[in-house]
Every structure is written in C-alpha cells, then in structure tokens.
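Reading through the structure tokens given below for one structure.
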Amino acid sequence: MRIAVASGKGGTGKTSMVAALTVVAQTPLHVLDCDVEAPNSHLLLPLISQGTEDVRVPMPEFDPDLCGGCGQCVQFCASHALVQLGRVPLLLPELCHSCGGCVRLCPHQAIREMPHHVGVVETLAFSGRSDVTVFQGRLDVGVAMVSPVIRAVKHQVDGSDRTVLIDSPPGTACATATTLNGADAVLLVAEESRFGLHDLTLAVALVRQMHLPFAVLINRTATGRRKVRHWCRRQNIPVLAEIPEDKAVAQGYARGRMILDVLPEMWPVFAGVWQKLLHLPETVMA
Amino acid sequence: MKELVILSGKGGTGKTSVAVSFAILAQQAVLADCDVDAADMAQVLIPTHSEKHSFFAGQMAEIRPDVCTSCGACMRLCRFDAIAMTRDAKNRATFSVNPLACEGCGVCARFCPRQAIDLHEARRGSWMISDTRAGPLVHAELLPGADVSGKLVAEVRNYARRRAELENSDLVIIDGPPGIGCPVHAAMNHASLVLLVTEPTAAGRHDLRRIADLAKSFRLDIAVCINRWDVDPGLADQITAEARDFGARFVRRIRFDPAVTDAQMQGRTAVETDSPVAADLQDLWLQTEAFLYREKATC
C-alpha cells in the first residue's frame with residue numbers, strides 16, 4: 001500500500017507528519033522522500049546512510065562525422081533543447097526531457113545517448129528500527145528537471161510488498177503529480193490561514209483529478225481560525241486530525257526534534273491517523 | 001528597471017508575506033506572482049479588476065481509436081509511462097494517453113506505424129493582470145499537475161516587465177516558488193537582487209544553502225532575511241554567520257508575530273497594522289531599496 005503526504009502550500013508540516021507516522025506505524029515500512037529539491041527527512045528522523053546511487057538521464061550527443069546538418073532533430077524537439085548554430089546542433093541540457101526522439105529519427109544515426117548526472121538517491125536505515133528504510137532523493141543544484149529524480153526514488157521500491165509512505169514536494173504541478181501517481185491514499189496537510197485554505201483547494205483539485213482517495217490533516221490550528229475546517233466539512237472531506245499550534249513543537253522542530261519527542265502524548269492521535277489512512281481506499285473515494 | 005526576486009528553497013518560510021508587505025511599502029512597483037501553482041499574493045492584495053488570458057505551452061498526445069490497431073508501439077516508446085493499456089469485455093486491448101503524465105515530446109505520434117496519434121496544443125492554465133491597491137499584479141493559475149517547465153513563470157515575469165515599462169515604474173517585485181527546480185531558474189535569472197527568506201530551523205538552514213548555491217551559480221546578488229528569528233535565536237545567529245560567509249549583501253531578521261497571519265486572514269499585509277513586526281518589515285524594505293538603488297546614490 002502506498003500512502004503519500006502532500007499539500008498545496010509549502011511549510012504546512014508534511015515532513016513532520018511523515019516522521020510521526022513513520023514512528024507510530026507498527027509495520028515494515030519504506031519511506032520515500034520525494035521532495036528532491038529540498039529534502040528534509042534526514043533532519044527529523046534518526047537516519048544512518050547506507051549508500052548513495054547516482055541518477056542519470058540519457059541526453060543526446062552528436063557524432064560530427066556522421067551528422068549531415070539536416071536539422072530534423074532540431075525541428076522535432078518539442079522542448080527546444082536543440083539549437084542549430086552551425087552544422088551540428090547544440091544541446092541545451094536544462095531543457096532536455098530525455099524523450100529519445102532525436103536519436104530515433106536521425107537519418108544518419110549520428111546521435112547517441114549519454115548519461116547526464118541529475119541527482120542522487122540515498123538509502124538510509126532508521127536507527128533502532130530494522131524494518132524501516134528511507135530513500136531520499138536529492139536534485140543536483142543547477143539541474144532544472146525534477147521528475148527523473150522523483151521517479152528514481154519511486155523505482156527503489158518497485159516490486160516490494162512493504163507499505164510505502166511518501167513525503168511529497170509542495171505545490172500542485174508536475175513534481176507533485178509525478179510523486180502522487182500510483183498512490184493508494186493521500187493525506188493533505190493544511191494550515192489554518194488564508195493562503196493555507198487557498199492552496200488546499202488547489203491540492204484537492206489535483207487529487208480529485210487523479211482520482212486518489214484523500215483526507216486532510218489540519219496542522220497548527222489556533223483559536224478563531226476555522227476556515228479550513230469549515231471548508232472541508234462543506235466539501236465532505238474527512239479531517240483525520242487537528243494539531244494545535246505549539247511553540248515548544250516549533251522550537252523542537254527547529255533543532256530536529258520531531259513532534260512525538262516533544263509531545264509524546266500525541267502518539268494516539270498519530271496512531272489513529274495512520275489506521276484511518278490504511279483504510280482510506282475502502283472508506284472514501286475522491 | 002530593477003527586478004527583486006524573493007525565494008527560499010524551503011516552502012512556508014514567508015516569501016509571500018514579505019512580498020505583499022513590500023508591494024504596499026513600494027507603491028510604485030509592478031508585482032509578479034511567480035509561484036504559479038500556488039499563487040497567494042492575490043489573497044491579500046485583493047484584485048479589483050482582472051484581465052484573464054489562457055496559457056498554452058507544448059503539446060498533448062491523443063490516440064485516435066478508429067485508426068489505432070493496438071500494436072502497442074507507443075507504449076513501448078513512451079519514456080514517461082504516459083500510455084496505458086486497458087482491455088475491454090472481449091479482451092481487446094485499447095491504448096490511451098494519460099494527460100497528467102504526457103510530456104508532449106511527440107515521439108509516439110512520430111513513430112506510430114498507422115499515424116493514429118495527434119498532437120494538440122495544450123492549455124496549461126491562465127495568466128492574469130489585475131489592479132490592486134499596491135499596484136498592478138501579474139499572476140497565474142496553473143492547471144493541476146501541469147508541467148510548468150518554467151515557461152509560465154517566464155511569461156508572468158515578461159508581462160510584469162512590460163507593464164512596468166508602460167507605467168514608467170522602475171521596480172518589479174517577484175514572489176517566487178519554493179524549491180530549486182526549473183520554475184525557480186525561470187524566476188531568478190537576471191534578478192537585480194535575490195532575497196532569500198529563511199527560518200531559524202535545521203530544515204530552513206539546509207534548504208537555504210541549496211538555493212544560495214543556485215543563485216551564486218547564476219552570478220546573482222543575494223540577501224537573506226531570517227523570518228520568525230526569535231523562535232531559535234541560536235540558529236538565527238548561525239544562519240546569519242553562514243549567510244555572510246556565502247556572500248549575502250545583507251542579512252536582516254523579522255520576529256515571529258501572530259499579527260502576520262491575523263492580517264492575512266483579513267486580506268491585509270502586516271505593514272498595514274500597528275504590530276511590532278511592521279517595523280521589522282519596514283527596516284528590511286529600506287535596506288532592500290537602498291541596495292537596489294545604490295548605484296544611483298553614487299552619481
């Protein structure tokens with residue numbers, strides 16, 4: 001079963017919730033940190049590195065002796081990643097999506113694909129729990145294309161029958177859609193603020209479009225702020241928990257202490273959320 | 001014309017809160033919300049009038065079922081897992097394109113043996129120019145799951161620049177997206193100053209490093225603002241020292257103040273309140289303005 005934790009707005013507490021759920025889940029687990037632009041799972045969980053794998057994507061390289069300068073590849077490239085300055089086209093790697101089209105259509109077979117390094121996937125063990133493995137993706141600074149590293153993280157658990165818990169990137173664009181693709185249930189972490197409500201509506205639009213069972217957790221609630229809770233009720237969206245704003249939790253988070261270290265009395269709340277998530281596909285359809 | 005770009009690396013550090021406050025303090029600026037998949041400036045700056053335009057970018061593949069012979073070549077060629085096969089009641093295979101996964105590369109259409117695949121111009125969302133009490137705001141709504149590719153971000157910036165030229169305004173304030181991927185590249189290139197808003201946490205500091213490295217690789221001037229600094233003054237001091245080491249032109253702090261969210265709930269910026277945090281934001285703005293216009297001051 002694959003459970004993803006996502007949000008529209010950044011900074012609502014996705015990674016914090018993933019850390020808490022990892023601790024309360026009493027089952028062998030794979031945790032995927034798919035926030036590859038700014039991965040933070042290693043800052044909240046006691047993790048020990050087991051090794052790092054390179055992520056490379058194929059990009060075209062031209063043989064100048066074979067290239068006839070016909071320009072068909074340049075015209076075909078939908079990403080405008082090939083530029084015709086001289087006879088042999090120039091590749092703009094930031095734009096290349098690695099579709100392989102230019103290689104296939106070259107009439108002189110003058111193009112081969114060479115691997116370009118775009119990021120890494122690190123495997124980490126959870127100290128004290130031999131049944132939890134974390135896979136963290138990290139995009140190389142300067143690389144534009146995010147999805148290949150996300151896919152590389154997800155491929156780490158192909159064929160595994162362990163439960164998978166996925167920390168998603170913020171937002172609702174293709175990085176998030178790539179992360180959520182194939183999930184069985186999604187937990188949307190929202191905050192009680194105007195921006196929080198607005199961005200939640202966008203995240204809900206995404207999971208509904210993807211036909212994914214989902215529920216909401218409202219983080220950092222405060223008295224007088226109810227708009228997100230009311231909106232969820234009007235939309236018939238289950239709210240699995242509401243976590244109050246707490247300065248001690250914020251200060252703990254700042255130093256890498258996760259919420260259950262600061263407030264162990266919240267264990268039953270998170271255990272309850274986990275159980276509801278495991279059964280979400282049966283109980284709710286998006 | 002100056003372009004101030006506000007970024008963070010980590011989400012939720014307060015970019016938009018700073019951006020809308022600056023918009024009010026500047027009054028002569030054109031505003032650009034480049035966080036196109038979660039655009040929040042309009043939540044506080046409340047547009048009074050908007051022009052909306054569709055935004056098209058790239059292509060989307062579609063298989064014509066009447067021509068398709070179900071050979072499956074497209075599924076084998078597609079590198080993005082965007083072609084799915086389903087079987088009907090008579091166990092016949094049909095192939096279809098998943099629009100959320102299709103990246104519009106055109107490979108399936110080009111190599112389909114029956115020419116059964118069409119490529120359509122893809123609508124990715126909308127962009128708008130709105131009037132607000134702080135000035136013109138250029139913003140966008142990306143369709144859920146759309147592949148931004150930086151293009152919509154670049155369009156929003158372009159329109160903001162053009163509007164600034166028309167209005168004889170010399171400043172564009174850009175609220176950027178989180179992360180360090182391609183929408184961030186499109187938001188930050190050629191910025192007059194990149195203001196990095198961070199928070200005094202392990203995650204804030206970690207992600208600040210990554211975005212600062214990116215800005216430096218673009219050869220851009222960087223400044224840092226530590227938001228909610230008093231949550232952890234020790235970490236705030238560490239981040240300040242690190243920021244100076246990596247060449248930040250200035251480092252400022254904003255205190256934690258519930259007035260920021262309270263004002264936001266009422267569609268106001270923190271600098272439109274009497275709360276103590278307003279003074280911190282004003283100080284940050286004055287420092288930012290002084291840096292942006294420093295050359296003028298010397299001539």
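Heavy atoms only: backbone and side chains are in, while hydrogens, waters and symmetry mates are out. In what follows, chains carry the letters A, B, and so on, assigned in the order in which the sequence lines appear, proteins first and then strands, with residues in each chain numbered from 1.
- Listed in order of number, the residues of residues 216-224 of chain A that approach chain B to under 4.5 Å between heavy atoms amount to none.
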- Show your working on side-chain contact (heavy atoms from CB on, under 4.5 Å) between B/D37 and A/L202 and close with a plain yes or no. CA-CA 8 Å; B/D37 59 315; A/L202 303 171; over 6 Å; no
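- Counting only residues at least two apart or on different chains, the salt bridge (charged side-chain N to carboxylate O under 4.0 Å, His left out) pairs with a member in residues 261-270 of chain B are A/R225-B/D262.
- When heavy atoms are compared at a cutoff of 4.5 Å, A/S193 approaches chain B by way of both its backbone and its side chain.
- Interface residue B/P200: only backbone heavy atoms are found under 4.5 Å from chain A.
- Side chains of A/R255 and B/T201 form no contact here, defined as non-hydrogen atoms less than 4.5 Å apart.
- Across A/G10, A/A78, A/G256, A/G100, the residue that shares the most heavy-atom pairs under 4.5 angstrom with chain B is A/G10.
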- Message: Please determine whether side-chain contact (heavy atoms from CB on, under 4.5 Å) holds for the pair B/D40 and A/D199, giving the CA-CA distance in whole Å, both sets of side-chain angles, and the decisive distance to 0.1 Å.
- Response: CA-CA 8 Å; B/D40 286 322; A/D199 296 353; 2.7 Å; yes
- Take A/R104 and B/R110 through the test side-chain contact (heavy atoms from CB on, under 4.5 Å) and record every step on the way to the result. CA-CA 10 Å; A/R104 204 168 273 277; B/R110 181 71 155 69; over 6 Å; no
Determine all donor-acceptor pairs shorter than 3.5 Å in which one atom belongs to a side chain in residues 13-20 of chain A; sequence neighbours excluded.
from	atom 1	to	atom 2	distance (Å)
A/K14	NZ	A/S7	OG	3.0
A/T15	OG1	A/D167	OD2	2.7

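- In terms of heavy-atom proximity, A/G101 sits nearest to B/V107 at CA-CG2, 3.5 Å.
- Note that the CG atom of A/L197 and the CE atom of B/M265 stand 8.0 Å from one another [nearest 0.5 Å].
- When heavy atoms are compared at a cutoff of 4.5 Å, A/V143 approaches chain B solely by way of its backbone atoms N, CA, C and O.
- Minimum interatomic distance between A/C99 and B/C105 (heavy atoms only, all atoms of both residues): CB-CB, 3.4 Å.
- Every residue two or more places apart in sequence or in another chain that forms a side-chain contact (heavy atoms from CB on, under 4.5 Å) with B/E141 is listed here: B/K52, B/M128.
- By number of non-hydrogen pairs under 4.5 angstrom with chain A, the leading residue of B/A203, B/G106, B/S217, B/G179 is B/A203.
- Of all heavy-atom pairs spanning A/V36 and B/R210, the tightest one is O-NH2, 3.2 Å.
- Interface remark: B/D213 contributes backbone and side-chain atoms alike to the contact with chain A (heavy atom separation under 4.5 Å).
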- Message: Could you go through B/L100 and A/N181, starting from their C-alpha distance and side-chain angles, then the distance that decides it, and tell me whether this counts as side-chain contact (heavy atoms from CB on, under 4.5 Å)?
- Response: CA-CA 9 Å; B/L100 276 174; A/N181 195 21; over 6 Å; no
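- Considering only heavy-atom pairs separated by less than 4.5 Å from chain B, the leading option among A/A250, A/S147, A/A177, A/G142 is A/G142.
- One N or O on the side chain of A/R194 and one on the backbone of B/Q43 form a donor-acceptor pair closer than 3.5 Å.
- Surrounding NE2 of A/H230 are more than 12 heavy atoms belonging to other residues, nucleotides or ligands, all under 6.0 Å away.
- Residue A/E94 holds its CD atom at 10.0 Å from SG of B/C182, rounded to the nearest 0.5 Å.
- Heavy atoms of other residues, nucleotides or ligands lying less than 6.0 angstrom from CD of A/Q235 number more than 12.
- For the set A/G8, A/A205, A/P39, the entry with the most heavy-atom pairs within less than 4.5 Å of chain B is A/P39.
- Ranked by heavy-atom pairs under 4.5 Å with chain B, the first of A/V141, A/L44, A/L180, A/T176 is A/V141.
- Heavy atoms closer than 4.5 Å to chain A are found nowhere in B/A101, neither backbone nor side chain.
- Of the two parts of B/F218, neither the backbone nor the side chain holds a non-hydrogen atom closer than 4.5 Å to a non-hydrogen atom of chain A.
- Proximity to chain B is absent for every atom of A/H80, based on heavy atoms less than 4.5 angstrom apart.
- The greatest number of non-hydrogen atom pairs below 4.5 Å with chain A, out of B/A39, B/P144, B/A202, is found for B/P144.
- Among the candidates A/T178, A/V146, A/L139, the residue making the largest number of heavy-atom pairs closer than 4.5 Å to chain B is A/L139.
- Residues A/F195 and B/V44 meet the side-chain proximity criterion, which asks for heavy atoms closer than 4.5 Å.
- Put simply, the side chain of B/D232 never gets that close to the backbone of A/A254: no donor and acceptor are under 3.5 Å apart.
- Other residues, nucleotides and ligands contribute at most 12 non-hydrogen atoms within 6.0 Å of the CZ atom of A/R112.
- Rounded to the nearest 0.5 angstrom, B/R79 CZ and A/S98 OG are separated by 7.0 Å.
- A/R151 places a side-chain heavy atom less than 4.5 Å from the side chain of B/F80.
- For chain A, the nearby part of B/E103 is the side chain; its heavy atoms alone come within less than 4.5 Å.
- Looking at A/K227, the atoms closer than 4.5 Å to chain B (heavy atoms on both sides) all sit in the side chain, from C-beta outward.
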